[in-house]
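Letters A, B, ... are given to chains in the order of the sequence lines, protein chains preceding strands, and every chain is numbered from 1. Just so it is clear, the values below take in all heavy atoms, side chains as well, and ignore hydrogens, waters and symmetry mates.
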Amino acid sequence: MTLIEEIKIQEEKDIVLCRRACREVARQLQFNLVDQTRITTATSELARNIFEYAGEGIVRIEKISKNMKQGLQITFMDEGPGIKDLNEAMGEGWSSHRGMGMGLPGARKLMDEFSITSTLGEGTRITVTKWRR
Amino acid sequence: MTLIEEIKIQEEKDIVLCRRACREVARQLQFNLVDQTRITTATSELARNIFEYAGEGIVRIEKISKNMKQGLQITFMDEGPGIKDLNEAMGEGWSSHRGMGMGLPGARKLMDEFSITSTLGEGTRITVTKWRR
Amino acid sequence: MELRIPILKIQDYLIVPIQIDMDDATASRLQQDILTKIEMTEASGVLIDISVMEMVDSYLGRILGDTARMANLMGAEVVLIGMQPAIAITLVELGLRLEGIYTALNIDQGIQLLDNLITQKEENGGS
Amino acid sequence: MELRIPILKIQDYLIVPIQIDMDDATASRLQQDILTKIEMTEASGVLIDISVMEMVDSYLGRILGDTARMANLMGAEVVLIGMQPAIAITLVELGLRLEGIYTALNIDQGIQLLDNLITQKEENGGS
Ligand SMILES: Nc1ncnc2c1ncn2[C@@H]1O[C@H](COP(=O)(O)OP(=O)(O)O)[C@@H](O)[C@H]1O
Ligand SMILES: Nc1ncnc2c1ncn2[C@@H]1O[C@H](COP(=O)(O)OP(=O)(O)O)[C@@H](O)[C@H]1O
């Protein structure tokens, strides 16, 4: 596991910086174009959630490997309000605000692995992974 | 009960080999074209589940007869993670991953008989039967 | 050692004759190839000939439906050609809906349909 | 220090070439700019060229879809031009539907489509 970059999300523009950084790393790790786009899009959704719901947080980009496979792992961490009902939040179309409710379920579908932990009043942590084919 | 063939599912291509083998047997047993297609499709769904969720397993193809009727019985066995909630898994559209959730309920509808047993941490065994008209 | 389904260009349209029993990786590769070829050739219509396919399960059905939706987003129309009765029956029983996907009995009717769809799209709109 | 996407007027149509990775504020500003420009110029059609966009997430997808619907209410038609295969794939997988939005492979086909759409509308009356 090699840490490649850590990006602070504090203002809206950081969402763009963050997704660009992930795309660049995905490109360097030789993910194909479609996977680069999937990774960038999932990152954009989850980084926006940090900004929208927690105000600020950190995105960590790591290179990992398992059984000869190379992968990109991205972790989204914040100390925001947390999510009350994870099942509800992971459902397609559910939004506590005026969103489309596609961020969490969408990111899950675009990536190979997705895990989320969230504690009310303490924060949320989401880890996603994409393996190179 | 006559064993006709046993096929190992270990890689993705085995799903194709397995459904082709079942089609060939169904043809030899003189199932009509629609039933051949139903059997092939159900096999494809269940063999894919073995590959997807258990990594590997075995598909057993058998000729059976009961009250003068001839039938084709296919058993899908794996020692994978098992299924936590069978009711949930058999429901249309339910998928633990990114699937369409049509494999189990679909295979059940396409075949005449369907039985499933699954134990968490031990594996899953599904038997389906089609009777010749 | 992955198989690759050929994609032909005839006038403004792409023709994709699927002649083998595709494994999942080949099907997913075909989806990408069709979309890339639409981009490269700017073909406004795609005919996917499934007349010799012996089976369409939920995975393949999803790939076909998704490909049509993706092509639509890029500005092209997709028509599925020659689905065998046994497959149509099985798909309905399976519960799979190929919503919004166009179908035709043979290549000629498919070309006719594409011609009409593309004029019609220009007249009535909606992809 | 907000970025602003230029909007060109060519004959009766607006052309919006999106060449940067827009942040949310820029995208929402662009939506307003397009609608204002439709009002000012009385353009009957808008071509949004997304051929160099590298990503469309649910926020941008919604902005694009909403812009089309809003323009429709004002009496103008919107066509999305040149969506890349990788984006079409991602949008369908994400589950986002750009329902009712017109698409075309390139600017020429987009202009053709707008011409036809607008003639058709004039013939039938109403939007
Ligand atoms: N980092 C987070 N902190 C707190 N709540 C979150 C976070 N991410 C998502 N949520 C909650 O989960 C809901 C669903 O999120 P999502 O699927 O991305 O849709 P949307 O953002 O459009 O509402 C949000 O409306 C919000 O209530
Ligand atoms: N052989 C198996 N081993 C473990 N889990 C299985 C197996 N087959 C099916 N499942 C579980 O049942 C769920 C539903 O299966 P299915 O109806 O085939 O839909 P899908 O495969 O599209 O998810 C799967 O998502 C998976 O969690």
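Atom CE of A/Met1 sits in a sparse spot, with 12 or fewer heavy atoms from other residues, nucleotides or ligands closer than 6.0 Å. Atom NZ of A/Lys8 is surrounded by 12 or fewer heavy atoms from other residues, nucleotides or ligands within 6.0 Å.
Nearest heavy atoms, D/Thr67 versus D/Leu35: O-CD2, 4.3 Å. When all heavy atoms of D/Glu77 and D/Tyr102 are compared, the closest pair comes out as OE1-CE1, 3.3 Å. The heavy-atom pair separating A/Cys22 from A/Ile74 by the smallest distance is SG-CD1, 3.6 Å.
Chain D is approached within less than 4.5 Å, heavy atom to heavy atom, by A/Leu33, A/Val34, A/Thr37, A/Arg38, A/Thr40, A/Thr41 from residues 24-43 of chain A, ordered by number. Within residues 46-58 of chain D, the residues approaching chain A closer than 4.5 Å by heavy atoms are, in numerical order, D/Glu54, D/Met55, D/Val56, D/Asp57, D/Ser58.
Electrostatic pairing of D/Arg29 and D/Asp33 counts as a salt bridge here, judged by a charged N lying under 4.0 Å from a carboxylate O.
Contact annotation for A/Arg108: neither backbone nor side-chain heavy atoms come within less than 4.5 Å of a heavy atom of chain D. For chain A, the nearby parts of D/Leu96 are the backbone and the side chain; heavy atoms of each come within less than 4.5 Å.
Side-chain contact check for D/Ile18 versus D/Leu30: some heavy-atom pair is nearer than 4.5 Å.
A/Arg60 and A/Thr75 share no side-chain donor-acceptor pair at under 3.5 Å. Using modelled atom types, one finds no donor on one side chain facing an acceptor on the other under 3.5 Å when comparing A/Gln70 with A/Ser65.
Evaluated for a side-chain hydrogen bond (donor to acceptor under 3.5 Å, both in side chains) with A/Lys13, the options D/Thr26, D/Asp24, D/Asp23 yield exactly one hit, D/Asp23.
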